[in-house]
Protein chains: 2
Amino acid sequence: MATAFAALADPHRRQILDLLRARERAVSELVDQLGLSQPGVSKHLRTLREADLVTVRHDAQRRWYGLCPEPLTEVDDWLAPYRAFWSDRLDALERHLEENPD
Amino acid sequence: MATAFAALADPHRRQILDLLRARERAVSELVDQLGLSQPGVSKHLRTLREADLVTVRHDAQRRWYGLCPEPLTEVDDWLAPYRAFWSDRLDALERHLEENPD
DNA sequence: ACTGAGGATGACCAATTGGTTATATAACTG
DNA sequence: CAGTTATATAACCAATTGGTCATCCTCAGT
């Protein structure tokens with residue numbers, strides 16, 4: 001439901017995604033890494049689930065959370081025109097430096 | 001002070017940035033486009049200012065707001081490793097389709 | 001100096017957020 | 001079945017958010 005933008009607003013949630021980028025993680029591992037209470041982490045995971053940014057695999061009592069990066073394309077797409085914008089600025093800077101050595 | 005991530009969490013603020021991408025805008029113009037009250041828009045503009053995402057040029061009573069895209073590089077940089085991630089998935093899909101025609 | 005226009009700020013409000021502790025649920029273990 | 005482990009949910013709380021209306025400030029024109 002929520003957009004990826006809102007999900008990324010919180011640094012702990014970005015940290016979770018960063019951790020999931022390397023491999024799947026059980027909740028307890030995320031708790032250790034984030035230094036939050038277990039329910040605190042579970043709440044962030046719920047937000048990420050609702051934004052479809054993670055998947056869950058059940059294995060006995062454990063839930064293995066994995067990264068699901070697709071919704072990030074929304075952010076990437078939104079960013080695209082701006083990217084052109086700032087590379088223009090860098091290009092202009094480079095041209096300026098070339099034309100005005102030292 | 002606030003990060004670009006937090007500033008982008010609100011759709012109205014993203015809309016403001018989108019409008020500023022085309023050209024500078026006075027506050028009254030943004031008010032018309034967003035359909036919010038003038039103070040409401042001013043509050044969003046303050047947030048964007050504090051995230052260094054906009055610049056203000058004073059011209060008599062008017063404030064001309066302009067885009068300042070640099071802080072978006074933080075988002076772009078964070079996104080970079082994920083970009084590789086989902087293009088991998090697309091590549092895998094393409095390989096799968098090539099190796100299994102129809 | 002007065003007036004009006006353009007914006008910012010203050011005060012307020014309901015809803016949401018990010019965290020907590022306590023409790024519930026579900027699955028393995030003896 | 002009783003106990004333990006892993007996670008989710010409930011209840012609660014203070015702080016923040018996104019919006020409003022009313023007011024203030026600054027500048028231009030008269």
Side-chain angles (χ1 to χ4, degrees), chain A residues 1-20 22-68 71 75 78, chain B residues 1-20 22-68 71 75 78:
Chain A
M1 271 298 163
T3 88
F5 286 102
L8 296 187
D10 182 86
H12 281 140
R13 286 195 292 268
R14 293 197 297 277
Q15 190 181 351
I16 289 175
L17 294 178
D18 286 339
L19 289 166
L20 296 186
R23 58 185 144 81
E24 283 189 331
R25 312 268 184 170
V27 178
S28 60
E29 192 180 349
L30 296 172
V31 171
D32 293 345
Q33 296 286 328
L34 298 201
L36 290 183
S37 66
Q38 175 265 311
V41 172
S42 274
K43 278 180 84 171
H44 283 306
L45 288 172
R46 176 203 267 270
T47 301
L48 292 171
R49 259 175 0 237
E50 289 174 352
D52 292 322
L53 280 163
V54 295
T55 54
V56 202
R57 185 168 61 81
H58 288 237
D59 173 27
Q61 309 100 315
R62 281 213 167 67
R63 269 96 172 119
W64 293 96
Y65 278 85
L67 180 65
C68 190
V75 180
W78 183 85
Chain B
M1 271 300 164
T3 89
F5 286 101
L8 296 187
D10 182 86
H12 281 140
R13 286 194 292 269
R14 293 197 298 277
Q15 191 182 350
I16 289 175
L17 294 178
D18 286 339
L19 289 165
L20 297 185
R23 60 167 186 283
E24 283 188 332
R25 312 269 184 169
V27 177
S28 59
E29 192 180 350
L30 297 173
V31 171
D32 293 344
Q33 296 286 329
L34 298 202
L36 290 183
S37 65
Q38 176 264 312
V41 172
S42 274
K43 277 182 86 171
H44 284 306
L45 288 172
R46 177 203 265 269
T47 301
L48 292 170
R49 254 168 14 230
E50 289 174 353
D52 292 322
L53 281 163
V54 295
T55 55
V56 202
R57 185 167 61 81
H58 288 237
D59 174 25
Q61 308 102 316
R62 281 213 167 66
R63 270 95 173 120
W64 293 95
Y65 278 86
L67 179 64
C68 191
V75 180
W78 182 86

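Model, not experiment: these values are computed from the prediction. In what follows, every chain begins at residue 1, and chains take the letters A, B, ... in the order their sequences are listed. What's counted below: heavy atoms across the whole structure, side chains too, no hydrogens, waters or symmetry copies.
With D:dT7, D:dT20, C:dA8 as the choices, the nucleotide that has an atom nearest any side-chain atom of B:Leu45 turns out to be C:dA8. Of all nucleotides listed (C:dC28, D:dT7, D:dG19), D:dT7 comes nearest to the side chain of A:Ser42. Closest approach to the A:Lys43 side chain among C:dG18, D:dT9, D:dG18 is made by C:dG18 (side chain taken as heavy atoms from C-beta onward).
Look at CZ on A:Phe5: it is 20 Å from C1' on C:dT16, rounded to the nearest Å. Between the CD atom of B:Glu50 and the P atom of C:dA8 there is a distance of 12 Å, given to the nearest Å. Here C:dG6 presents its C1' atom at 13 Å from CG of B:Leu30, a figure rounded to the nearest Å. B:Leu48 places its CG atom 11 Å from the P atom of D:dG18, with the value rounded to the nearest Å. Atom CG in B:Asp59 sits about 10 Å away from atom P in C:dG7, given to the nearest Å. For B:Asp32 and C:dA5, the CG to P distance is 15 Å, given to the nearest whole Å. The distance from atom CD1 of A:Ile16 to atom P of D:dT7 is 13 Å, rounded to the nearest whole Å. Protein atom CD of A:Gln61 is 9 Å distant from nucleotide atom P of C:dA27, rounded to whole Å.
To the nearest 0.5 Å, atoms CG (A:Asp18) and CZ (A:Arg13) are separated by 13.5 Å. Remark: A:Gln33 CD to A:Arg25 CZ distance equals 6.0 Å, nearest 0.5 Å. Between the OG1 atom of A:Thr47 and the CG atom of A:Asp10 there is a distance of 8.5 Å, given to the nearest 0.5 Å. The structure places CH2 of A:Trp64 at 13.0 Å from OG1 of A:Thr55, a figure rounded to the nearest 0.5 Å. Rounding to the nearest 0.5 angstrom, the gap separating the CG atom in B:Leu17 from the CG atom in B:Leu8 is 6.5 Å.
A salt bridge links A:Arg23 and A:Glu29; the closest N-O separation between the charged side-chain nitrogens and carboxylate oxygens is under 4.0 Å.
Between A:Tyr65 and D:dA6, a side-chain N or O to OP1/OP2 separation shorter than 4.0 Å is absent. A close approach under 4.0 Å does not occur between any side-chain nitrogen or oxygen of B:Arg63 and OP1 or OP2 of C:dA5. In this model, the phosphate group of D:dT9 is approached by a side-chain N or O of A:Arg46 to a distance below 4.0 Å at OP1 or OP2. Look at B:Arg13 and you'll find a side-chain N or O under 4.0 angstrom from OP1 or OP2 of D:dG18. Proximity of B:His58 to the phosphate of D:dT26: no side-chain N or O atom is located under 4.0 Å from OP1 or OP2. Contact annotation: A:Arg49 side-chain N/O to D:dA8 OP1/OP2 distance is under 4.0 Å. Within the 4.0 Å cut-off from OP1 or OP2 of C:dG19, at least one side-chain nitrogen or oxygen of A:His44 is found. OP1 or OP2 of C:dT20 has at least one side-chain nitrogen or oxygen of A:Ser37 nearer than 4.0 Å.
Ranked by how close their nearest DNA chain D nucleotide is to the 5' end, B:Pro39 and B:Thr47 are led by B:Thr47.
Within 3.5 Å, a donor on the side chain of A:Gln38 pairs with an acceptor on the base of D:dA8, or the reverse.
In this structure, B:Ser28 reaches the sugar-phosphate backbone alone: every heavy-atom distance under 4.0 Å involves primed, P, OP1 or OP2 atoms, never a base.
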